[in-house]
Amino acid sequence: MTRTARAFWLRSPGHGEIREVALPGPGPGEVVVRTLYSGVSRGTETLVFRGGVPESQHTAMRAPFQDGAFPGPVKYGYLNVGLVEEGPRSLRGRTVFCLYPHQTRYVVPASAVTPVPEGVPAPRAVLAGTVETAVNAAWDAAPLLGDRITVVGAGMVGASVAAVLARFPAVRVQLVDARPERAEVARALGVDFALPEGAAGDRDLVVHASATEQGLARSLELLAPEGTVLELSWYGDRRVSLPLGEAFHSRRLVVRSSQVGTVSPARGARRGYADRMALALELLADPAFDALVTGECGFEELPRVLPGLASGELPGLCHRVRYADGSAVPPG
């Protein structure tokens, strides 16, 4: 019997649809996963939805299990939590995280899934991909005891970074965002909050995650002499200008990039992708991360909901997608 699943596809920029897809039988070393929840990454994924991936980055921006190509039709996404229905005995019946798009059921190599620790609820585990980015950023930033750190941009990535960095001993973290309502997120994460105009200066490190030209310029202004801005924002096909005149040289400021596609060179010789993901899932045992999930819809609603997420009409951080039964066709 041919098994099928249902998947969300971007038909063309700004237009999504649910498609029925054939589901192959699992081969040796593969697992069949029934999706419980997936998450919409408001930064990268909504940029993909708008068709904003530059042609020069089409290869670099491919998701691990993407089908199709930019700008569309394409099946894209990477925050998926499901239940292993078939596969190695050690994984059967386990809740796992996988960098897979929005699809009711799928087949992947067993090595592509990471078991969710018992203390982490499945609905919260959809944040693992974003917290993994925060772990990589922390490895890149290498904060020191007692550092004064600001995170500019309280979106999914920025808030996750603030939560991770706040766990370092004696580190003082301030989360900065132009939206006053993000103060509630900062409070839930246990970090200070400020609007851009009221942000503290003389910072040892600023992590920029607002994906705005204004946010990057403000990040430089907040640095202490010889301080570093760690740039996490991805601008897609937008150009940004950077104030490298004025006191940039005399204060010996640094702007560094950080990208989750590669394990930080600070840990790359000793840690792999699986180690990094397992650590991200361990961190999600903290219920404070629930503050990053600010909306939810059913899988069948995605074609209607994603345009609102991409336009900002539906504000918030992570938007969680819940699944009913994984597929209309049972396994076997």
Side-chain angles (χ1 to χ4, degrees), residues 1-27 30-42 44-51 61-87 91-110 112-114 116 122-129 293 295-310 314 318-332:
M1 177 177 65
T2 300
R3 294 187 289 185
T4 61
R6 290 171 63 73
F8 175 79
W9 278 75
L10 176 63
R11 184 176 72 248
S12 61
H15 302 281
E17 62 188 10
I18 303 293
R19 295 184 180 181
E20 189 172 275
V21 296
L23 197 66
E30 292 187 322
V31 292
V32 178
V33 180
R34 173 171 56 87
T35 303
L36 302 173
Y37 299 94
S38 62
V40 177
S41 170
R42 283 182 176 267
T44 303
E45 197 166 343
T46 56
L47 188 145
V48 169
F49 188 80
R50 294 193 300 268
M61 281 299 299
R62 285 190 66 86
F65 294 100
Q66 172 182 323
D67 277 340
F70 303 119
V74 63
K75 184 177 73 175
Y76 191 86
Y78 47 83
L79 302 174
N80 191 297
V81 175
L83 187 73
V84 176
E85 295 184 321
E86 301 178 54
L91 288 173
R92 214 173 304 151
R94 297 286 303 272
T95 300
V96 296
F97 179 87
C98 184
L99 297 167
Y100 203 89
H102 309 282
Q103 185 166 310
T104 56
R105 184 178 271 117
Y106 53 92
V107 178
V108 294
V113 303
T114 304
V116 175
R124 189 188 304 152
V126 296
L127 296 167
V293 179
E296 187 174 277
C297 71
F299 169 70
E300 301 289 343
E301 299 175 272
L302 261 181
R304 177 178 58 81
V305 170
L306 251 172
L309 296 176
L314 295 175
C318 178
H319 191 88
R320 187 166 56 210
V321 182
R322 63 182 181 275
Y323 293 69
D325 60 358
S327 175
V329 180

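Keep in mind that this is a model prediction, so the values were computed, not measured. Values below: all heavy atoms of this structure, side chains included; hydrogens, waters and symmetry mates excluded.
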Check whether any side-chain heavy atom of Val32 sits under 4.5 Å from a side-chain heavy atom of Val107, and report yes or no. yes
Kindly write out the residues that satisfy salt bridge (charged side-chain N to carboxylate O under 4.0 Å, His left out) with Arg124, not counting sequence neighbours, or none if the list is empty. Asp290
With sequence neighbours excluded, residues passing salt bridge (charged side-chain N to carboxylate O under 4.0 Å, His left out) with Glu300: Arg6
Taking ring-ring contact (aromatic ring centres under 6.0 Å, His included) as the definition, give me every residue that meets it alongside Phe70, ordered by chain and number, with sequence neighbours left out. His58, Tyr76
What's the separation between atom OG1 in Thr46 and atom CG in Leu306, rounded to the nearest 0.5 Å? 8.0 Å
What pairs with Glu17 under side-chain hydrogen bond (donor to acceptor under 3.5 Å, both in side chains), at least two apart in sequence or on another chain? Arg11, Arg19
What distance separates Thr44 OG1 from Met61 CE, expressed to the nearest 0.5 Å? 5.0 Å
Does Arg322 have any salt bridge (charged side-chain N to carboxylate O under 4.0 Å, His left out) partners at least two apart in sequence or in another chain, and if so, which? Glu296
Quick one: do Arg3 and Glu86 satisfy salt bridge (Lys or Arg N to Asp or Glu O under 4.0 Å)? Show the steps, please. CA-CA 14 Å; Arg3 294 187 289 185; Glu86 301 178 54; 2.7 Å; yes
Indicate the ring-plane relationship of Phe8 and His102, choosing parallel, tilted or perpendicular according to the 30° and 60° boundaries. perpendicular
List the residues meeting ring-ring contact (aromatic ring centres under 6.0 Å, His included) with Tyr37, not counting sequence neighbours, and say none if there are none. none
Nearest heavy-atom approach of Leu10 to Gly14 is CD1-N, 3.9 Å
Quick check: closest heavy atoms across Leu36 and Ala122, and the distance to 0.1 Å? CD1-CB, 4.4 Å
Taken to the nearest 0.5 Å, the spacing of Glu45 CD from Tyr78 OH works out to 6.5 Å
Heavy-atom side-chain contact between Leu79 and Leu127 under 4.5 Å: no
Does some side-chain heavy atom of Thr35 sit less than 4.5 Å from a side-chain heavy atom of Val321? no
Short question: side chain of Arg34, backbone of Glu85 - any donor-acceptor pair under 3.5 Å? no
Which distance, rounded to the nearest 0.5 Å, do you find between the CG of Leu23 and the OH of Tyr106? 11.0 Å
Check whether any side-chain heavy atom of Pro123 sits under 4.5 Å from a side-chain heavy atom of Val293, and report yes or no. no
To check you understand the geometry: which heavy-atom pair defines the closest contact between Leu99 and Phe65, and what is its length? O-CD1, 3.3 Å
Backbone of Pro26 reached by a side-chain donor or acceptor of Glu30 within 3.5 Å: no
With a 3.5 Å cut-off and no angle check, do the side chains of Tyr100 and Ser38 form a donor-acceptor pair? no
So which heavy atom on Arg304 is nearest to which on Glu301, and how close? NH2-OE2, 2.8 Å
Does Leu309 reach the side chain of Phe49, with side-chain heavy atoms less than 4.5 Å apart? no
Provide the closest heavy-atom pair for Val126 versus Cys318 in the form atom of the first, atom of the second, distance. CG2-SG, 4.4 Å
Nearest atoms (heavy-atom pairs only) where Ala112 meets Cys98: O-SG, 3.6 Å
